[in-house]
Amino acid sequence: MTLVRDAMIQVEPLSPNDPIFVALQAMRKQRLPFVPVVRSDGTLYGLVTEGDLVRLIYRATRESGESVPHWIRGAGRQVLLVQSVKEVVTRELDTIGPDIPLEDAAELMVRNHRKVLPVVADGRPMGYLMRSAVVDHLMGE
């Protein structure tokens, strides 16, 4: 039986105070659609995803009005250079333990429409399980 720990990957985390452009650079460098954000005590703060960045850029360049935070109104792409990732990070995450069967992880991902699951033990991330890794392992590659 394949466990989550057998399919998870390691990803270098960012701090909540790192600028958004650092998240974009990290995703490009690691060729991943996300980057984890971890507090100074090692606990998971959240994930910054490509979707988070697309929404940010859209809002910065297209939207206006009261529903848009003041720091983004009219900012354009310059917001990526000055604003911290804590402004765009996804905080509501599903997590999974390392010793859970991979089939159970797949079920959780499908049920909750997740592309990645942080693998957490004792409140600290041990790795990250991507949907593509689940497919590879379940298909026997």
Side-chain angles (χ1 to χ4, degrees), residues 1-64 66-141:
M1 171 183 1
T2 304
L3 301 177
V4 167
R5 73 171 57 251
D6 301 323
M8 69 184 190
I9 62 170
Q10 300 299 313
V11 181
E12 193 68 32
L14 299 180
S15 153
N17 294 319
D18 283 333
I20 293 169
F21 82 90
V22 173
L24 180 59
Q25 288 176 329
M27 284 186 241
R28 285 182 176 162
K29 179 181 175 188
Q30 298 178 71
R31 296 178 186 232
L32 293 171
F34 75 97
V35 65
V37 181
V38 175
R39 294 180 188 92
S40 60
D41 66 0
T43 58
L44 186 64
Y45 185 80
L47 296 178
V48 175
T49 67
E50 287 177 335
D52 295 328
L53 296 180
V54 167
R55 281 185 293 279
L56 172 70
I57 291 168
Y58 176 81
R59 292 176 79 188
T61 59
R62 302 282 192 278
E63 291 185 11
S64 63
E66 293 302 314
S67 66
V68 178
H70 72 280
W71 57 267
I72 201 172
R73 284 187 211 135
R77 289 176 178 83
Q78 292 298 328
V79 74
L80 300 175
L81 300 174
V82 297
Q83 204 59 44
S84 65
V85 295
K86 67 183 169 192
E87 299 292 344
V88 296
V89 68
T90 298
R91 303 277 316 271
E92 295 180 23
L93 303 171
D94 293 318
T95 62
I96 197 159
D99 297 318
I100 303 297
L102 203 55
E103 291 83 359
D104 293 349
E107 181 182 335
L108 177 63
M109 292 175 115
V110 168
R111 184 176 61 241
N112 295 342
H113 308 284
R114 300 296 185 198
K115 295 178 184 177
V116 63
L117 290 175
V119 182
V120 176
D122 298 322
R124 289 179 164 60
M126 296 181 57
Y128 301 87
L129 182 65
M130 293 185 58
R131 190 167 44 191
S132 59
V134 173
V135 170
D136 288 348
H137 276 78
L138 294 177
M139 296 300 293
E141 294 182 14

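Not measured: the values here are computed from a predicted model. Keep in mind that the numbers below use all heavy atoms, side chains included, and drop hydrogens, waters and symmetry copies.
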Non-hydrogen side-chain atoms of Val48 and Leu14 separated by less than 4.5 Å: no
Mind checking what makes side chain to side chain contact (heavy atoms under 4.5 Å, CB included) contact with Arg91, not counting sequence neighbours? Arg39, Tyr45, Val89
Student check: side-chain heavy atoms of Leu53 and Leu24 closer than 4.5 Å: yes
How far does CG of Leu32 sit from CG of Leu47, to the nearest 0.5 angstrom? 11.0 Å
Value rounded to 0.5 Å, distance of NE2 in His137 from CG in Leu3: 10.0 Å
Strictly by salt bridge (charged side-chain N to carboxylate O under 4.0 Å, His left out), give each pair with a member in residues 95-105 just once, sequence neighbours left out. Arg5-Asp99
Under the side chain to side chain contact (heavy atoms under 4.5 Å, CB included) test, residues paired with Glu50 that sit two or more places apart: Met27, Pro33
According to ring pair (Phe, Tyr, Trp, His ring centres under 6.0 Å), does anything in residues 100-127 pair up with another residue at least two apart or in another chain? List the pairs. none
Mind checking side-chain hydrogen bond (donor to acceptor under 3.5 Å, both in side chains) for Glu107 and listing every partner two or more places apart, or none if nothing turns up? Arg111
Which atoms form the tightest heavy-atom contact between Val11 and Pro36, and what is the distance? CG1-CD, 3.3 Å
Restricting to side-chain hydrogen bond (donor to acceptor under 3.5 Å, both in side chains), what partner residues turn up for Arg131, sequence neighbours left out? none
Test side chain to side chain contact (heavy atoms under 4.5 Å, CB included) applied to Asp6 and Leu102, step by step: CA-CA 9 Å; Asp6 301 323; Leu102 203 55; over 6 Å; no
For Ser132, the side chain to side chain contact (heavy atoms under 4.5 Å, CB included) test, sequence neighbours excluded, returns Met130
If only atom types and distance count, is the side chain of Asp52 paired as donor or acceptor with the main-chain N or O of Thr49 below 3.5 Å? yes
Could you pull out all residues at least two apart from Asp94 that satisfy side-chain hydrogen bond (donor to acceptor under 3.5 Å, both in side chains)? Asn112, Arg114
Taking every non-hydrogen atom, the tightest pair across Val38 and Pro16: O-CD, 3.4 Å
Sequence-distant partners of Glu12, side chain to side chain contact (heavy atoms under 4.5 Å, CB included), two or more places apart: Gln30
Report, one line per pair, each donor and acceptor closer than 3.5 Å where one atom sits in a side chain of residues 116-129; sequence neighbours left out.
residue : atom : partner : partner atom : Å
Arg124  : NE   : Asp41   : O            : 3.3
Arg124  : NH2  : Asp41   : O            : 2.5

Note: Ala106 and Val134 closest approach over all heavy atoms is CB-CG1, 3.6 Å
Could you pull out all residues at least two apart from Asp18 that satisfy side-chain hydrogen bond (donor to acceptor under 3.5 Å, both in side chains)? none
Residue pairs fulfilling salt bridge (charged side-chain N to carboxylate O under 4.0 Å, His left out) with at least one residue in residues 20-32, sequence neighbours excluded: none
